[in-house]
Amino acid sequence: MRDNHQIANVDFVKQMNSAVVYKLIDHQGPISRIQISELSQLAPASVTKITRNLLGRGLIKEVEQQQSTGGRRATSIIAEHKAFRTILIHLGRKQVTFAIMDLSAKLLKREIVDLPEHQSAVQIEQFLITHFAQFIEQHQRKSAEFIAIGITVPGFVDVKTNRIQYLPHLSLDEPWALANHLAEHFQLMTFIGHDVRSLALAEHYFGVTKDCYDSLLLRIHRGVGAGIVINHEVFLGYKNNVGEIGHIQVDPLGKRCLCGNVGCLETVVSNAAIEEKMQRLLEDGYQSKWISLESHDIEAICKAVNKQDAVAVDLIEHVGVQIGRVLAMSVNMFNPEKIVISGEITQAQSVLFAAIRRTLDNLALPAFVKSTPLVASELKNEDVIGAFALIKQALLDGRLLQHLLAE
């Protein structure tokens, strides 16, 4: 038993060391082996061995030599991004998005397919496998290698078992091992996560929070959810799922939510809730030059706000106050370095953010909120970038890296 533990420990150390070296090359390349050794505090011989393995697998490549400071010029190393492909899936309520990205997060292909209605998890899984296989076959290239699958869903995921525990639009008799089944069928490591939590990870890797240790992302779309990053990692907790900000009650006399409670934030500030509220205002006789009963979706409302339309401005200010009340609780609990708002509603940023900021200043601890920026997400490809972030995480922490090196 002791020998088994020793072997496991040695393998873990190898995985961590390889991950440290790869991460330095990925983040700071072009970089020399000597610089890697100095920054990682690994012995030069260890760095040489690890880089030899990474070079052999094609995960890194040597580029031009660095300028000499006396003696032999050091060769620089960078990560290889174009030779590898990731396959991404976002399983939504009514549609599934398939996409391909290289390791630089460059989107190469995207396809959106309507999901069949009134089907079980088993039937939808077979539908996904069939269409996924066709998508891969159509876009397979000899010059590039598929290395992993990333999946995001709008539901609860047990990251320890890679199983979906709950989906709001699909009844599950038992946890759904979709990721495990895809991994087995396509012989690729597969990673799955909650769509908003994964989006927070993507924001940390590629977006406006990459300069932060701790951050909070609030995503407003069909629903409302949050992702919390603490010390560079998405906080999931022992139970694997946190951040259901959308189900904090803000109106005790409000509309019943899909979760069964009354007056949740989601029933007030989701896109559908905002559009429904605007429709009621118009039906009650409120006049708007820019919005009508025929055209009052979230985009039209935001455009009207930016043209100082009184009805739209009042509505978005109300939305901002409700968001601010819930964010104030979150700030008092987590004290993030930065708060990010994601979603179409950020098109009305000037009015929305002012209302959120006023509410935060009134309700959150002054010492916590005074130096906390409130910013809009600038991420592109929000439907699939979270799935890519799960794969990127597995490369950087060594799980996927070791699998590729062992092949």
Side-chain angles (χ1 to χ4, degrees), residues 1-86 101-106 143-148 150 188-189 191 201-202 204-207 209-214 229-234 388-407:
M1 183 66 70
R2 183 179 300 173
D3 289 341
N4 290 338
H5 282 302
Q6 288 174 342
I7 292 171
N9 288 337
V10 169
D11 289 342
F12 180 73
V13 170
K14 287 181 179 179
Q15 175 179 318
M16 291 299 98
N17 289 347
S18 296
V20 167
V21 170
Y22 180 81
K23 186 174 183 178
L24 283 170
I25 296 169
D26 185 60
H27 287 17
Q28 300 193 31
I31 186 171
S32 71
R33 291 172 176 81
I34 294 300
Q35 290 170 321
I36 295 170
S37 179
E38 291 172 350
L39 291 170
S40 67
Q41 297 186 331
L42 292 173
S46 296
V47 171
T48 298
K49 183 177 181 180
I50 292 169
T51 55
R52 185 186 301 122
N53 291 337
L54 293 172
L55 282 166
R57 185 60 179 83
L59 291 162
I60 62 174
K61 60 184 178 182
E62 294 179 335
V63 291
E64 73 281 352
Q65 293 183 325
Q66 296 184 356
Q67 185 175 357
S68 175
T69 56
R72 184 178 177 182
R73 292 195 298 174
T75 302
S76 296
I77 305 171
I78 61 173
E80 172 57 65
H81 291 149
K82 294 182 179 180
F84 299 98
R85 300 284 189 267
T86 62
M101 284 185 176
D102 67 16
L103 292 187
S104 70
K106 179 181 179 181
S143 60
E145 175 187 357
F146 288 125
I147 60 170
L188 291 170
M189 285 194 76
F191 308 92
L201 183 64
H204 181 64
Y205 284 154
F206 318 113
T209 63
K210 59 185 176 184
D211 59 340
C212 301
Y213 282 82
D214 307 325
V229 173
I230 297 178
N231 196 25
H232 299 298
E233 294 186 1
V234 173
F388 177 76
L390 296 174
I391 296 173
K392 185 74 173 182
Q393 181 184 48
L395 267 175
L396 297 180
D397 68 22
R399 287 174 293 156
L400 177 56
L401 196 66
Q402 283 302 105
H403 175 77
L404 295 172
L405 291 172
E407 287 182 340

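Contact check for Val234 versus Gln393: no side-chain heavy atoms found under the 4.5 Å cut-off. Using a 4.5 Å heavy-atom cutoff, the side chains of Val21 and Ile60 are not in contact. Using a 4.5 Å heavy-atom threshold, the side chains of Ile36 and Ile50 count as separate. The side-chain heavy atoms of Lys210 and Tyr205, taken from C-beta on, include no pair separated by under 4.5 Å. Looking only at side-chain heavy atoms (C-beta outward), Ile25 and Leu59 stay at 4.5 Å or farther from each other. In this structure, Leu54 and Ile77 have side chains that are not in contact, with every pair of non-hydrogen atoms separated by 4.5 Å or more.
Although no hydrogens or angles enter the test, the distance criterion places a donor-acceptor pair under 3.5 Å between the side chain of Glu80 and the main chain of Lys82. No donor-acceptor pair under 3.5 Å is formed between the side chain of Ser76 and the backbone N or O of Ser32. Ser37 places no side-chain N or O within donor-acceptor distance of the main-chain N or O of Arg33, the cut-off being under 3.5 Å. For Asp102 (side chain) and Phe84 (main-chain N/O), no donor-acceptor pair under 3.5 Å exists by modelled atom type. A donor-acceptor contact shorter than 3.5 Å links the side chain of Thr86 to the backbone of Met101.
For Leu405 against Ser18, the heavy-atom pair with the smallest separation is CD1-OG, 4.3 Å. The two residues Leu188 and Phe146 have their closest heavy-atom pair at CD2-O, 3.4 Å.
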### Task
Determine, stepwise, if the pair Leu395 / Asp26 fulfils side chain to side chain contact (heavy atoms under 4.5 Å, CB included).
CA-CA 10 Å; Leu395 267 175; Asp26 185 60; over 6 Å; no
### Message
I'd like to know whether Ser40 forms a side chain to side chain contact (heavy atoms under 4.5 Å, CB included) with Val47, so could you lay out the CA-CA distance, the side-chain angles of the two residues, the decisive distance to 0.1 Å, and finally the verdict.
### Response
CA-CA 9 Å; Ser40 67; Val47 171; 4.3 Å; yes
### Message
Working note: Thr209 + Val229, criterion side chain to side chain contact (heavy atoms under 4.5 Å, CB included); need CA distance, chi angles, decisive distance, verdict.
### Response
CA-CA 9 Å; Thr209 63; Val229 173; 5.7 Å; no
#### Entry: Step-by-step side chain to side chain contact (heavy atoms under 4.5 Å, CB included) determination, His27 to Leu396
CA-CA 10 Å; His27 287 17; Leu396 297 180; 4.0 Å; yes
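Remark: Arg399 engages Asp397 in a side chain to side chain donor-acceptor pair (under 3.5 Å) (not counting sequence neighbours). Residues satisfying the ring pair (Phe, Tyr, Trp, His ring centres under 6.0 Å) criterion with His403, sequence neighbours excluded, are absent altogether.
Once rounded to the nearest 0.5 Å, the distance linking NZ of Lys49 with CG of Leu42 reads 12.5 Å. One distance of note links CG of Leu103 with NZ of Lys392; it measures 6.5 Å at 0.5 Å rounding. Note: Tyr22 OH to Thr51 OG1 = 14.0 Å, rounded to the nearest 0.5 Å. Between the OG atom in Ser104 and the CZ atom in Phe388 there is a gap of 7.0 Å [rounded to 0.5 Å].
Residue Ile34 qualifies as open at atom CD1: its count of foreign heavy atoms under 6.0 Å is 12 or below. The environment of Glu145 atom CD is dense: over 12 non-hydrogen atoms of other residues, nucleotides or ligands sit within 6.0 angstrom.
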